[in-house]
Amino acid sequence: MGALLALTSALCYGIVDFADGLLSRRVPHAAVTFLGQLGGLLLAAGAALLLPADALVGSDLLRGALSGVGGATVMRFLTRGLSHGAMSVVVPVSAVTGVALSVLCGVLLLASLYPALPVVLGLAVLHEHVSRRQAAGLLGAALATVLLTVG
């Protein structure tokens with residue numbers, strides 16, 4: 001069931017990102033973000049009614065609310081980028097940035113290297129080799145992220 005939900009979520013994100021990119025070129029990106037978040041809230045509320053939780057505490061609601069605010073903020077910047085830039089550049093850069101921020105927050109806020117574990121395993125345990133070309137690509141992606149964020 002978990003894999004099916006993950007695949008469905010990924011499919012929905014892809015469709016919504018593509019539709020947001022097309023729509024944000026025609027109408028203000030703030031309106032696209034608001035309507036997208038409203039639709040997501042309605043979908044989540046429907047799912048909560050169909051799949052009720054066994055127990056719900058205040059910290060769960062707080063984390064959900066913070067997640068919603070963070071998601072809305074990210075979508076605002078994404079739709080702004082999509083309204084001005086090429087979709088083939090904005091979407092991958094935002095995806096890589098989202099993953100990098102998640103790992104960074106996990107390391108800093110949780111005081112744990114658990115989010116970085118796949119990288120450590122890949123480099124140390126499995127003896128994965130990073131070629132000069134791959135290292136240059138990683139540095140280029142990091143530089144592009146900084147330049148696109150600043151500009």
Side-chain angles (χ1 to χ4, degrees), residues 1-122 134-151:
M1 180 70 168
L4 178 63
L5 289 174
L7 288 172
T8 304
S9 174
L11 180 66
C12 288
Y13 267 107
I15 291 170
V16 168
D17 283 351
F18 183 76
D20 281 353
L22 294 178
L23 194 58
S24 65
R25 294 176 188 263
R26 295 187 182 102
V27 292
H29 57 88
V32 173
T33 302
F34 176 75
L35 292 174
Q37 290 300 305
L38 182 62
L41 177 64
L42 293 174
L43 186 65
L49 291 174
L50 293 175
L51 305 166
D54 295 331
L56 188 63
V57 294
S59 63
D60 294 336
L61 295 174
L62 178 64
R63 288 183 184 138
L66 288 175
S67 175
V69 169
T73 304
V74 168
M75 286 307 296
R76 174 76 190 259
F77 286 114
L78 178 63
T79 55
R80 181 174 181 248
L82 289 171
S83 69
H84 298 300
M87 195 179 301
S88 61
V89 174
V90 174
V91 173
V93 168
S94 67
V96 169
T97 303
V99 170
L101 284 175
S102 297
V103 170
L104 182 65
C105 288
V107 170
L108 294 178
L109 298 177
L110 299 175
S112 167
L113 291 178
Y114 179 74
L117 188 60
V119 176
V120 173
L121 284 174
Q134 290 169 329
L138 290 170
L139 290 174
L143 179 63
T145 301
V146 170
L147 291 176
L148 288 171
T149 303
V150 172

| message | Please find the pair of heavy atoms, one from Ser83 and one from Ser24, that lie closest to each other, and give the distance. | response | CB-O, 3.2 Å
| Under the side-chain hydrogen bond (donor to acceptor under 3.5 Å, both in side chains) rule, what pairs show up with a residue in residues 39-61, not counting sequence neighbours? | none
| Is there a side-chain contact between Met75 and Asp17, using heavy atoms and a 4.5 Å cut-off? | yes
| note | Residue set satisfying side-chain contact (heavy atoms from CB on, under 4.5 Å) with Phe77, at least two apart, ordered chain then number -> Thr73
| request: With sequence neighbours left out, write down each residue that passes side-chain contact (heavy atoms from CB on, under 4.5 Å) with Leu22, or none if nothing qualifies. | output: Phe18, Arg26, Met87
Would you give me the side-chain donor-acceptor pairs under 3.5 Å for residues 61-70, sequence neighbours excluded?
none

| field | side-chain contact (heavy atoms from CB on, under 4.5 Å) partners of Ala86, counting only residues at least two apart | value | Ser88, Val89
| message | Measuring only between side-chain heavy atoms, which start at C-beta, is Leu11 closer than 4.5 Å to Leu7? | response | no
| task | Could you pull out all residues at least two apart from Val74 that satisfy side-chain contact (heavy atoms from CB on, under 4.5 Å)? | result | none
| task | List for me each residue that meets side-chain hydrogen bond (donor to acceptor under 3.5 Å, both in side chains) alongside Thr79, sequence neighbours excluded, and say none if there are none. | result | Thr33
| request: Might you point out which heavy atoms bring Gly85 and Arg25 nearest each other, and give the distance in Å? | output: O-NH2, 2.6 Å
